[in-house]
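First comes the structure, then the notes that go with it.
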Amino acid sequence: MAAPISEGTVPWPKADADRYTAAGYWAGRPLGDLLRETADRMPDATALVDGELRLTYAQLAGRADALALRLLDLGLAPGDRIVVQLSNGWEFTVLTWACLRAGIVPVMALPAHRRHELAYLAAHSEATAIAVPDRLRDFDHQALAHELGKEIPGPWHVLVAGDEIGPGSVDLRALCAPGEDPAADRARPGPGSEVAPAGRRPARSPTASRAWEVPPLAAPGESPSTSRPFGRTMPSARHAESTLAHARTRARAGAPPSPPPGPPSGRTTPLPAQALDTAAPGSRDVAVFLLSGGTTGLPKLIARTHDDYAYNARAAAEVSGVDADTVYLVSLPAGHNFPLACPGILGTLLAGGRVVMLPSPEPARAFATIAAEGVTHTAVVPAVAGRWLEHAEEHGAQQASSLRVLQVGGSRLADELARRVRPVLGTTLQQVFGMAEGLLNYTRLDDPEDVVCTTQGRPMCPDDEVRLVDELDQDVPEGEPGSLLTRGPYTPRGYYRAAEHNKRAFTEDGWYRSGDICRRTPEGNLVVEGRDKDMINRGGEKVSAEEVENLVYELTDVSQAAAVAMPDPALGERVCLYVVARPEHDAPTLDAIRAAMEEAGVARFKLPEHLVCVEELAATKVGKIDKKALRADIAARLTATGRGNTGNTP
């Protein structure tokens with residue numbers, strides 16, 4: 001049985017929590033409630049666009065509420081965790097909103113993850129469900145999801161978005177179908193009847209078991225299906241609220257599902273949407289698990305609460321100029337913090353703007369979408385920004401004329417690229433330097449061009465605390481580079497279920513060690529100089545060198561292995577692997593190492609792209625592998641030989 005989430009989280013100290021509440025950063029309301037408020041305020045405005053599918057706020061909220069109730073009816077309970085590995089599509093947004101309404105906690109995986117990462121995330125979070133595409137780029141995500149279920153000790157629901165729904169899978173698109181009458185479901189629940197015990201799937205006859213699996217409706221007005229999704233008599237509001245509150249209380253306490261208080265169960269029925277309002281999760285409950293770009297093996301889980309993540313999204317929207325007139329394009333993987341809430345999907349929806357989903361930032365398609373939808377804001381990583389600039393220089397930037405703000409983050413943007421954005425694209429560049437662990441820094445939209453092009457901005461919140469320190473945690477002189485420590489109202493005080501790691505990643509008084517080496521300008525802006533952590537930033541995707549090394553030791557016959565970042569003009573960095581072969585053994589080839597890692601189910605972006613075989617690895621005076629020397633060595637090798645950035649180097 002899954003442990004209560006609260007057992008694995010590190011709360012803010014009470015004094016800090018009280019201070020953040022008094023300052024107005026923490027609103028004391030769950031994210032789903034805030035999103036629903038926006039939908040109630042502007043029901044007819046367009047909220048979400050995915051190709052030909054266009055949903056108003058009323059339609060999006062109605063689908064999300066219907067999905068939230070169906071997830072509970074399926075057997076999930078408040079506090080349960082669901083691994084979300086969806087591509088950029090409307091299903092991601094509806095599912096995320098639904099989870100925030102029901103108190104089900106999404107674990108934001110990436111489409112590129114494979115067995116190696118997903119098995120860990122499911123086990124560590126104690127997830128009871130996973131949401132995946134059927135197939136994506138010829139990979140069968142649905143089959144892998146079912147294979148993972150064989151290793152899960154408890155219930156395991158596989159929700160699939162796509163056209164090929166296999167045996168044992170649940171059709172996510174059908175679950176997202178509109179309710180029969182969202183307004184009536186929410187405001188006027190029917191006369192009293194009983195509900196299924198919380199956490200149990202209601203019994204259904206064979207003919208009724210998939211009655212709600214109807215195609216999603218995209219027509220104006222969101223006309224309901226003639227079939228009755230979950231078409232049984234709705235329970236009374238009071239009994240439904242009692243049931244959902246009972247389930248939430250038991251979930252927090254770690255108790256197993258049990259019959260709710262109230263009359264004995266007769267026929268099973270779903271909960272009315274009104275119960276989602278009155279039995280919402282607490283504002284300090286965990287809203288979502290994000291993934292760290294951890295340096296010590298597999299990613300850590302970052303528990304973001306409703307209070308802190310709502311502030312994260314709302315404050316980011318304000319500093320980015322996002323409002324009800326904004327059209328925000330999501331082309332980076334939506335499960336990343338950047339396109340999800342900086343301001344991303346959540347910040348745009350909370351502001352009443354329009355979110356446009358796109359599977360990829362490929363320049364031709366992205367520019368066509370910007371032109372068709374009148375996109376005003378979007379976020380990319382430096383590698384994508386470079387491709388967009390090249391596309392605009394070759395084909396012109398007329399299609400991007402509506403774009404007002406181009407956010408660039410995920411890794412340091414080269415100054416020379418930054419200086420080309422306004423002349424080539426005709427838009428305002430906003431540099432973003434942040435982390436899923438919290439702290440966000442932005443250049444401001446009215447900053448001088450030199451600040452925008454040469455710094456990574458300053459903290460967005462007045463109560464963001466930032467220190468730059470030396471190896472002894474002493475503050476460095478102003479203008480000198482130091483390791484960044486931070487804490488604040490949206491920077492959690494520890495990773496989930498990671499007590500030992502937290503002792504290294506956080507100071508005793510709650511400062512998070514980001515691993516970034518920065519210096520601060522006299523105006524208070526930060527300039528990122530590098531990292532003091534052993535991490536490779538491949539086009540915005542963080543790769544742990546230790547994880548790569550551990551896999552190489554496990555899968556190949558080498559004496560020593562060291563993974564380092566090597567420079568790359570397109571992606572910023574790629575994974576370079578140094579190895580020492582065992583005595584009397586042939587050195588492994590890059591192809592053999594990559595094949596072994598792929599067979600082990602490792603995400604492709606983590607695979608080494610360059611191999612250097614040496615007789616011994618450079619070492620420090622105390623005998624540790626000298627990664628700094630290896631990074632300098634590969635840079636020198638590439639410069640001296642003029643070789644490409646992939647392949648073997650003897």
Are [X] and [Y] ion-paired here, with the side-chain N under 4.0 Å from a carboxylate O?
X	Y	result
E598	K606	no
E164	R135	no
E549	K627	yes
K503	E500	yes
E609	R604	no
D308	R284	no
R173	D134	no

Say you draw a straight line from [atom1] of [X] to [atom2] of [Y]; how long is it, rounded to the nearest 0.5 Å?
X	Y	atom1	atom2	result
F506	T491	CZ	OG1	8.5 Å
M597	L551	CE	CG	5.0 Å
R497	I5	CZ	CD1	11.0 Å
Q407	L413	CD	CG	12.5 Å
W97	L346	CH2	CG	9.5 Å
T128	I152	OG1	CD1	9.5 Å

**Step-by-step side-chain hydrogen bond (donor to acceptor under 3.5 Å, both in side chains) determination, H141 to Q85** = CA-CA 9 Å; H141 289 268; Q85 197 202 18; 3.2 Å; yes
Any donor-acceptor pair under 3.5 Å from [X] side chain to [Y] backbone:
X	Y	result
S514	D516	yes
E573	R538	no
W156	A127	no
E117	V602	no
E126	A3	yes
H585	P583	yes
N550	E547	no
S169	L159	no
R81	V288	no
N88	L332	yes

Please name the pair of heavy atoms, one in [X] and one in [Y], separated by the smallest distance, quoted to 0.1 Å.
X	Y	result
P608	L590	O-CD1, 3.5 Å
V612	C576	CG2-SG, 4.0 Å
S292	P299	O-CB, 3.3 Å
A303	T9	CB-CG2, 3.9 Å
A109	V83	CB-CG1, 3.9 Å
P333	L110	CB-CD2, 4.3 Å

May I ask you to test the [X]-[Y] pair for a side-chain heavy-atom distance under 4.5 Å?
X	Y	value
M108	L340	yes
R519	E480	no
L71	L95	yes
I593	L577	yes
Y512	P492	no
P106	C99	yes
P78	L72	yes
R365	P359	yes

**Asked** Side chains of D464 and Y490: is there a donor and an acceptor less than 3.5 Å apart?
**Response** yes
**Request:** Taking atom types as modelled, find out whether Y309 and N337 have a side-chain donor-acceptor pair closer than 3.5 angstrom.
**Result:** yes
**Request:** Check I517, L439, V528 against L484 for a side-chain contact (heavy atoms from CB on, under 4.5 Å) and give me the one that passes.
**Result:** L439
**Request:** Let me see the working for E599 and R594 under salt bridge (charged side-chain N to carboxylate O under 4.0 Å, His left out), right down to the final yes or no.
**Result:** CA-CA 9 Å; E599 186 175 346; R594 287 172 60 89; over 6 Å; no
**Message:** Checking W388 against T378 for the side-chain contact (heavy atoms from CB on, under 4.5 Å) test, could you report, in this order, the C-alpha distance in whole Å, the side-chain angles of both residues, the deciding distance, and whether it holds?
**Reply:** CA-CA 12 Å; W388 282 19; T378 194; 3.8 Å; yes
**Message:** Determine whether Y578 and D633 satisfy the following criterion, side-chain hydrogen bond (donor to acceptor under 3.5 Å, both in side chains), listing intermediate values before the conclusion.
**Reply:** CA-CA 10 Å; Y578 280 77; D633 179 71; 2.4 Å; yes
**Request:** Let me see the working for D626 and L617 under side-chain contact (heavy atoms from CB on, under 4.5 Å), right down to the final yes or no.
**Result:** CA-CA 8 Å; D626 191 340; L617 295 176; over 6 Å; no
**Request:** Take I130 and V107, measure what side-chain contact (heavy atoms from CB on, under 4.5 Å) needs, and give me the verdict at the end.
**Result:** CA-CA 9 Å; I130 187 170; V107 181; over 6 Å; no
**R412 to F433, cation-pi by 6.0 Å centre distance and 45° axis angle** = no
**Request:** Determine, stepwise, if the pair T93 / M357 fulfils side-chain contact (heavy atoms from CB on, under 4.5 Å).
**Result:** CA-CA 9 Å; T93 303; M357 306 296 286; 3.8 Å; yes
**Asked** Which class fits the ring pair Y120 and H124: parallel under 30°, tilted 30 to 60°, perpendicular over 60°?
**Response** parallel
**Asked** Testing E437, K300, H501 for side-chain hydrogen bond (donor to acceptor under 3.5 Å, both in side chains) with Y495, which one passes?
**Response** E437
**D509 atom CG, neighbour heavy-atom count above 12 within 6.0 Å** = yes
**Request:** Could you tell me if the ring centre of Y496 sits under 6.0 Å from that of F289?
**Result:** yes
